[in-house]
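Residue numbers start from 1 in every chain, and the chains themselves are labelled A, B, ... in the order their sequence lines are given, proteins ahead of strands. Here the structure is a predicted model, which is why all the values come from computation and not from measurement.
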Number of protein chains: 2
Amino acid sequence: MQQINHRLLIAYDGTGYRGWQVQGTAPTIQLHLETVLSQLWQTDIRIHGSGRTDTGVHARGQVAHFLAPARFKSPQKLKEAMNALLPPTIRIRKVDHPSLHFHSRFSAKGKEYEYRITHHGEGSPFEINYAWQLKRQLNTKAMQEAAQELIGKHDFAAFASNPGYSRETTVRTIYNILFTSRKNLLTLRFTGSGFLYRMVRNLTGALVRVGDGRLQPTDIKRILKSASRSQAPPPAPAAGLYLNRVYYRQIKNK
Amino acid sequence: MQQINHRLLIAYDGTGYRGWQVQGTAPTIQLHLETVLSQLWQTDIRIHGSGRTDTGVHARGQVAHFLAPARFKSPQKLKEAMNALLPPTIRIRKVDHPSLHFHSRFSAKGKEYEYRITHHGEGSPFEINYAWQLKRQLNTKAMQEAAQELIGKHDFAAFASNPGYSRETTVRTIYNILFTSRKNLLTLRFTGSGFLYRMVRNLTGALVRVGDGRLQPTDIKRILKSASRSQAPPPAPAAGLYLNRVYYRQIKNK
């Protein structure tokens, strides 16, 4: 039977999950999706995501695809069938049918991640799993100054948790790091050509050290140039991180 | 030893709790607070809240008080000590020392509750415990029209889940019901002289029936006039409800 390509736009609350990728029978997002699809197609379906997310990391716009015979009258019907079977912490936002050439990971031109921080206060009881909660007030001006050092095409080896994990290049381009503040909530949005393993959490960890005064903005440049992970501060926790969007068209510098 | 009055401003995520009020050893907000205070004072401390909240109901501004000898150098120190011992889903936002005449419940002049609804979509994986998630799009204009019938001083017996629970009057004054919409999120803020048991959830349940077309705005007036709980639709679920604020000064009509 002729196969067609199915693309899923997925949102999930990562709190109760062991990340995206299937690991035996551990509760992962990919396992839940594949279980539901295999039920619907009555045969094993394997999906391919745009990339992994770690335990506790959230997504508003993860993308995955799979090839399978057409089985539903419309993309909307498949979306409804999946949402009826999935746990409410995993939602299919959209289904469509790109060409057979489309691949969630290899076709991606870039990604947007968001990192949420609450600072300066006793913390919100509602944000425990959704933000990094810091008591001290951060100097966001110094953080923005430091962030400027990261914009552009650089070797981000110092901010990759597993530099030896792959032989691929550690050069990436960050187009933009957008800061927004509302009361005690600070949000950083990173747009780039791609991100190395734990890169956004490592960058945020370093920027927060600038914000609390333990590092100077100029230290970020030094750490970047060192290309050595041991020079950089520890990563920010998983709970504050969101995969907002995967871009499949060339991103213009915002 | 001379006792002074301690007032606590408390925020909590009600998700994991069996409501405010102590019920044996069940995990309630009051039990957690009393356990921590009894540890700090090395003697049994009993607190008095402005009112109960049900299982799963949240608070941004619950108020409670207790009498005890002065023990901390400043209200800030007590706040920090409590927050260090409490679970992160219960936070003390402020401590102060009102006069001995102050009573969290009897001194209250009014309250503000918030009810959050998501509508028109597949639901957000992040809102399961924090909003009532509805698939259909609500007609918020009709809901606002219906809400006008509720403003003012009325006998709200039709919207009290336990009208026989107390011999006190079921007359209350609603000063305002403020609607705000942002994308799929609809927020209703109820300000009133006081609210009967489950009144906000019962009012919201009825307003949503107007929003989805099963009731007309004029039906709300009829239900109110009936003063009979059996005439009114079932309550909205607990997860969408927040106690935002307790007023101790006379509220002006907003």
Side-chain angles (χ1 to χ4, degrees), chain A residues 8-17 29 32-33 53 56-62 75-95 114 116 118 120-135 182-184 237 239-240 242-244, chain B residues 8-17 29 32-33 53 56-62 75-95 114 116 118 120-135 182-184 237 239-240 242-244:
Chain A
L8 308 172
L9 182 65
I10 311 149
Y12 47 85
D13 179 334
T15 305
Y17 298 102
I29 312 296
H32 274 282
L33 293 167
T53 54
V57 172
H58 312 292
R60 297 203 180 91
Q62 172 66 293
Q76 180 65 21
K77 291 284 175 208
L78 171 56
K79 174 183 145 174
E80 286 167 12
M82 290 187 73
N83 282 334
L85 294 169
L86 284 166
T89 41
I90 305 175
R91 292 290 88 185
I92 304 299
R93 294 179 50 198
K94 194 181 169 190
V95 174
E114 178 176 318
R116 299 174 82 239
T118 66
H120 192 215
E122 65 279 357
S124 160
F126 303 105
E127 295 284 354
I128 297 162
N129 298 315
Y130 307 109
W132 186 10
Q133 304 214 58
L134 299 165
K135 281 181 191 167
R182 203 172 64 90
K183 292 183 186 170
N184 291 357
Y242 297 72
L243 172 54
N244 273 358
Chain B
L8 309 173
L9 182 65
I10 311 150
Y12 47 85
D13 179 334
T15 305
Y17 298 102
I29 312 295
H32 273 282
L33 292 167
T53 54
V57 172
H58 312 292
R60 297 204 181 90
Q62 171 68 292
Q76 179 65 20
K77 291 283 176 209
L78 171 56
K79 173 182 147 176
E80 286 166 12
M82 291 187 73
N83 281 335
L85 294 168
L86 284 165
T89 41
I90 305 176
R91 292 291 89 187
I92 304 299
R93 291 179 52 199
K94 195 181 167 187
V95 174
E114 177 176 319
R116 299 174 83 237
T118 66
H120 192 217
E122 65 277 359
S124 160
F126 303 106
E127 296 285 353
I128 297 163
N129 298 314
Y130 307 110
W132 188 9
Q133 304 214 56
L134 299 165
K135 280 180 191 168
R182 204 171 63 89
K183 290 184 189 171
N184 293 355
Y242 297 72
L243 172 55
N244 272 358

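- For chain A, the nearby part of B:Ile92 is the backbone; its heavy atoms alone come within less than 4.5 Å.
- What you find for A:Pro125 and B:Ile90 is that their closest heavy atoms are CB-N, 4.3 Å.
- Rounding to the nearest 0.5 Å gives a distance of 13.5 Å between CD of B:Glu127 and OG1 of A:Thr89.
- For B:Phe126 and A:Tyr242, the ring centers sit closer than 6.0 Å to each other.
- Judged as a side-chain hydrogen bond (donor to acceptor under 3.5 Å, both in side chains), the pairs with a partner in residues 75-84 of chain B (not counting sequence neighbours) are, in order, A:Glu122-B:Lys79, B:Gln76-B:Glu80.
- In terms of non-hydrogen atom pairs under 4.5 Å with chain B, the most contact-rich of A:Ser124, A:Gly121, A:Ala11 is A:Ala11.
- Only the backbone of A:Ala59 comes within contact range of chain B, with heavy atoms under 4.5 Å apart.
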